[in-house]
Engineer: 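If you scroll down you'll find the structure; I have some questions about it.
Note: hydrogens, waters and symmetry copies are ignored here, and every other heavy atom, side chains too, is used. Chain letters run A, B, ... following the sequence lines, proteins first and then strands; every chain starts at 1.
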Amino acid sequence: MYTQRTNNMVMCGILTALAMIFSYVESIIPIPIPIPGVKLGVANIAIVAVLYAIGSAQAVVVNVLRIFLTAMLFGNLNSFLFSMAGGMLSIFGMILLKKMKGFSMIGVSVAGGVLHNIGQILAAVWIMGSSAIAYYLPVLLIAGVLTGIVIGIVAGLVLQRIRGRQR
Amino acid sequence: MKKKDIYLIGGIVIAAVIFFMIVHFVIQKDGAVAVIRVDGKIMKELSLSKNTTVTVAGYEGGENIVVVEQGAVYMQEADCPDKICVHTGKISKVGETIVCLPHRVVVEIRKGMCGAVENQVDSVVR
């Protein structure tokens, strides 16, 4: 009982750190697409891993921590609002999809990626008061699908390693 | 990858295509104003309802001749090396742009006259 709790706590800590590193690495890689909001979403690897290895509540906590810490260390208020909008929509969508039967990690991760981009667009529309930004939505949907597939596969690999350690 | 995953992905892709078509064919309306920016700063705002020809001085020299004709804008002449702006042709829909990178000149179509504030936000985002 206690070992399990300790184990989960440590794993959450490690994966939060991993998510932060991913966020940071991502922020220093320039993406050659001139559209605000297009991101690789690498940090989602850690979030999906927590979601499957530990649980929904922990995944929300790790995601919120990741967003707060990354914004405080490397970002500003604007980037915080954008990640928060995207991150929250994405995590709750993923939890919902995981609860529904029949989706694999790839489907869950695709939903997460797409919702993350939708959240960012909504935040952008709200902050700038211009709905013209929504014109980027189709591109962001496709980008979310592509990155979501890749991230789902990688998260599956991470999960295998985590489970291997827990045994 | 399970069956439902593929349905989900397919659904999103179809939604994206439909949305793209709506934006492209339905929402995008004819603009009313051409905003000319040099190095991010608004130099001129031209109404599309009036035919005019304007010469714009580029950043660190150079000249671009912008023509407004029957509700559309085009770059008639530019002394930049690549002439991409001239080849862009006529634009008239909201959101369309002509860009002359060497002279840092951007012509953008807008719905109406815009304040400088909105522009600052735009240039930060890009």
Engineer: What closest approach, in Å, do Ala16(B) and Pro138(A) show between heavy atoms, and which atom pair accounts for it?
Structural biologist: O-CB, 3.5 Å
Engineer: Out of curiosity, Phe19(B) CZ to Leu140(A) CG, how far, rounded to the nearest 0.5 Å?
Structural biologist: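 The CZ atom of Phe19(B) sits 10.5 Å away from the CG atom of Leu140(A).
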Engineer: Kindly check if the number of other-residue, nucleotide or ligand heavy atoms within 6.0 Å of CZ (Phe68(A)) is above 12?
Structural biologist: no
Engineer: For Lys90(B), enumerate each residue passing the salt bridge (Lys or Arg N to Asp or Glu O under 4.0 Å) test, keeping only those at least two apart in sequence or located in another chain.
Structural biologist: Glu69(B)
Engineer: Under a 4.5 Å heavy-atom cut-off, does chain B meet the side chain of Ile149(A), its backbone, both or neither?
Structural biologist: side chain
Engineer: Answer yes or no: are there more than 12 heavy-atom neighbours, outside Gln58(A) itself, under 6.0 Å from its atom CD?
Structural biologist: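 Yes.
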Engineer: Is there a continuous path of hydrophobic side-chain contacts, each under 4.5 Å between heavy atoms, that joins Leu146(A) to Val13(B)?
Structural biologist: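 Yes, because Leu146(A) and Val13(B) connect within a single hydrophobic cluster, where side-chain heavy atoms sit under 4.5 Å apart.
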Engineer: Can you tell me how far apart CD1 (Ile142(A)) and CD1 (Ile9(B)) are? Round to the nearest 0.5 Å.
Structural biologist: 11.0 Å
Engineer: Would you say the side-chain atoms of Asp5(B) pair up with the backbone N or O of Ser104(A), donor to acceptor, closer than 3.5 Å?
Structural biologist: yes
Engineer: Just checking heavy atoms, which of residues 88-101 of chain A are less than 4.5 Å from chain B?
Structural biologist: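 If one takes a 4.5 Å heavy-atom cut-off, the residues of residues 88-101 of chain A near chain B are Leu97(A), Lys101(A).
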Engineer: Check side-chain contact (heavy atoms from CB on, under 4.5 Å) between Ile18(B) and all other residues, then give those that pass, not counting sequence neighbours.
Structural biologist: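 Only Ile14(B), Ile22(B) meet the side-chain contact (heavy atoms from CB on, under 4.5 Å) criterion with Ile18(B).
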Engineer: Counting only heavy atoms not in Tyr24(A), do more than 12 fall under 6.0 Å of its OH?
Structural biologist: no
Engineer: Check the hydrophobic clustering (I, L, V, M, F, W, Y; side-chain heavy atoms under 4.5 Å; chains of links allowed) and say if Val48(A) and Ile14(A) are grouped together.
Structural biologist: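 Shared cluster, no.
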Engineer: I need the Leu141(A) CG to Phe20(B) CZ distance, nearest 0.5 Å.
Structural biologist: 12.5 Å
Engineer: Do Ile12(B) and Val110(A) have side-chain heavy atoms sitting under 4.5 Å apart?
Structural biologist: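 Yes, at least one pair of side-chain atoms sits under 4.5 Å.
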Engineer: Can you get from Tyr52(A) to Met9(A) by hopping between Ile, Leu, Val, Met, Phe, Trp and Tyr side chains that sit under 4.5 Å apart?
Structural biologist: no
Engineer: Could I get the full list of side-chain contact (heavy atoms from CB on, under 4.5 Å) partners for Gln76(B), not counting sequence neighbours?
Structural biologist: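 Per chain and number, Gln76(B) pairs via side-chain contact (heavy atoms from CB on, under 4.5 Å) with Ile65(B), Val67(B), Tyr74(B).
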